[in-house]
Amino acid sequence: QCSGDSWIDQGARGAGFGQIVKRGYPGAGYTVAAGDLKTGVTEAIARNDVLLPEGNPGVVIVTLGGNDAGRNVPASAVTAALDQLVTVLRQAYPETPIVIDGVMSRRDAAHAARRAMDSVVIDEARNLGCLGISVAGWVTDYDAPQVDAIHLSEAGAARIAPHYADALKAVLGR
């Protein structure tokens, strides 16, 4: 969902963030390992396998969970990993708002696990005092084209992006 000029990139620019530093790992999740990481994103960041940029960014946006849902990772494991990730991010960026995105999905039965993971992630983000943006059902809600059963096409990302920009501005009070 985050590859190329994603809905997140476009939405962040639409919310006024002109410079974006992105760390994306296809197939990875909070706990699910993929590709070069060989661990989930949380563990990779905690072990400094993924170096975070220095400085004080205007916002940190985390978009994970879809691959955890696809592999039926228990909610408790995802929330524990999210808790750990937020702790590391707060240490790195104590003055920066952290936005946790839910899991992009459709409203049909095939995406029930993705919508459930969205709820788990957003609830835990809010419990941790982070800003959460649920994107459950947005593929259906905004009639966004997909390239396969999960991923948005470029046109789909462009269709979602303005709605994400509005949601991002809303949670940040902009």
Approximate separation, where rounding is to 0.5 Å, of R106 CZ and I150 CD1: 8.5 Å
Matching residue for C130 among V62, I98, V99, I122 - test: side-chain contact (heavy atoms from CB on, under 4.5 Å): I98
L64: which of L85, D101, L82 passes side-chain contact (heavy atoms from CB on, under 4.5 Å): L85
Exercise: identify the closest heavy-atom pair between L131 and P97: CD1-CB, 4.1 Å
Q146, CD: over 12 other non-hydrogen atoms inside 6.0 angstrom: yes
From M104 atom CE to H111 atom NE2, the distance as rounded to the nearest 0.5 Å: 11.0 Å
Non-hydrogen side-chain atoms of V59 and I61 separated by less than 4.5 Å: yes
Distance-minimising heavy-atom pair for Q10 and A158: OE1-CA, 3.4 Å
Verify same cluster id: I8, I100 (apolar side-chain graph, 4.5 Å): no
Same cluster (ILVMFWY, side-chain, under 4.5 Å), V147 and V139: no
Transitive ILVMFWY side-chain link I20 to Y164, under 4.5 Å: no
Polar contact flag, side-chain donor to acceptor under 3.5 angstrom, D49-T39: no
Closest contact, heavy atoms only, R159 versus P145: NH1-CD, 4.1 Å
Heavy-atom closest contact (N67 atom, V32 atom, distance): O-CG2, 3.6 Å
Aromatic ring pairing W138/H163, orientation class (parallel under 30°, perpendicular over 60°, tilted between): perpendicular
Validation row: V21, P57 side chains within 4.5 angstrom (heavy atoms): no
Flag side-chain contact, heavy atom, 4.5 Å: I133 against L168: yes
Joint hydrophobic cluster, L128 plus Y93, side-chain heavy atoms closer than 4.5 Å: yes
Test item: side-chain donor near acceptor, D148 and H151, under 3.5 Å: yes
Check: R107 and D141 side chains under 4.5 Å, non-hydrogen atoms: yes
Inter-residue atom distance T42.OG1 - R47.CZ, 0.5 Å rounding: 11.5 Å
Backbone of G4 reached by a side-chain donor or acceptor of K22 within 3.5 Å: yes
Minimum side-chain heavy-atom gap T87-Q84 below 4.5 Å: no
In one Ile/Leu/Val/Met/Phe/Trp/Tyr side-chain cluster, 4.5 Å: V60, I45: yes
Check: S105 side chain, G137 main-chain N or O, donor-acceptor pair, under 3.5 Å: yes
Side chain to side chain, L52 and L89, heavy atoms closer than 4.5 Å: yes
Side chain proximity check, L172 to F17, heavy atoms < 4.5 angstrom: yes
Exercise: identify the closest heavy-atom pair between A28 and V41: CB-CG2, 3.8 Å
Close side-chain approach of Y142 to V135, heavy-atom, < 4.5 Å: no
Side chain D68, main chain Y30, donor-acceptor under 3.5 Å: yes
Donor-acceptor contact below 3.5 Å, side chain R174 vs main chain A15: yes
Side-chain donor/acceptor of D123 to backbone N/O of V120, under 3.5 Å: no
Closest non-hydrogen atom pair between G102 and D118, with its separation: CA-OD2, 3.0 Å
Donor-acceptor pair, side chain of R23 and main chain of V50, under 3.5 angstrom: no
Note: D5-R13 ion pair, threshold 4.0 Å (strictly below): yes
